[in-house]
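Comments concern the structure below.
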Amino acid sequence: MTATPLSHLAHPGARIAVRVTPKASRERLTEEEGVIRAYVTVPPEDGKANVAVQKLLAKAVGLAKSRLVLVQGHKSRDKVFEIT
């Protein structure tokens, strides 16, 4: 199994806090001083940004996106995902 940038967070029941910036110029995920920031290109309309962040985070953690559940921050820049 190949290690991904955030694979150390891939534990069932773990919660991952993410600060989101929608409408960015490119999609990327950064971790600085323990803070995870997600930059997505889609606008925050109809949950599109939430889905984009879920997909980006799942890839970085090395899990299927269905294993990440948004538990807090549906309409906020600060989101919390839980691994099931």
CD1 on Ile36 to NZ on Lys79, rounded to 0.5 Å: 14.5 Å
Single-linkage hydrophobic cluster Leu70~Tyr39, side-chain heavy atoms < 4.5 angstrom: no
Atom of Ser66, atom of Thr84 and distance for their closest heavy-atom approach: O-OG1, 4.1 Å
side-chain contact (heavy atoms from CB on, under 4.5 Å) assessment of Val42 paired with Val51: CA-CA 10 Å; Val42 295; Val51 172; over 6 Å; no
Within one Ile-Leu-Val-Met-Phe-Trp-Tyr cluster: Leu9 and Val20, side-chain cutoff 4.5 Å: yes
From OG1 (Thr41) to CZ (Arg26), nearest 0.5 Å: 11.5 Å
Gap between atom CG of Asn50 and atom NZ of Lys75 - 0.5 Å precision: 10.5 Å
side-chain contact (heavy atoms from CB on, under 4.5 Å) partners for Ala14, two or more places apart: His11, Ile83
Rounded distance (nearest 0.5 Å) linking atom CG of Leu63 with atom CG of Leu57: 8.5 Å
Backbone N/O of Lys65 and side chain of Gln54: donor-acceptor pair under 3.5 Å: yes
Minimum side-chain heavy-atom gap Ile16-Val80 below 4.5 Å: no
Side chain proximity check, Val69 to Phe81, heavy atoms < 4.5 angstrom: no
Residues forming a side-chain hydrogen bond (donor to acceptor under 3.5 Å, both in side chains) with Arg15, sequence neighbours excluded: Glu82
side-chain contact (heavy atoms from CB on, under 4.5 Å) against Arg19, all qualifying residues, sequence neighbours excluded: Arg37, Arg77, Asp78
Note, Glu45 side chain near Pro22 side chain (heavy atom, < 4.5 Å): no
4.5 Å side-chain heavy-atom contact, Thr30 and Val35: no
Nearest non-hydrogen partners of Ala10 and Val61, listed with the distance: CB-CG1, 3.5 Å
Pairwise side-chain contact, Leu29 with Val53, heavy-atom cut-off 4.5 Å (strictly under): no
Whether Lys48 side chain and Pro43 backbone form a donor-acceptor pair below 3.5 Å: no
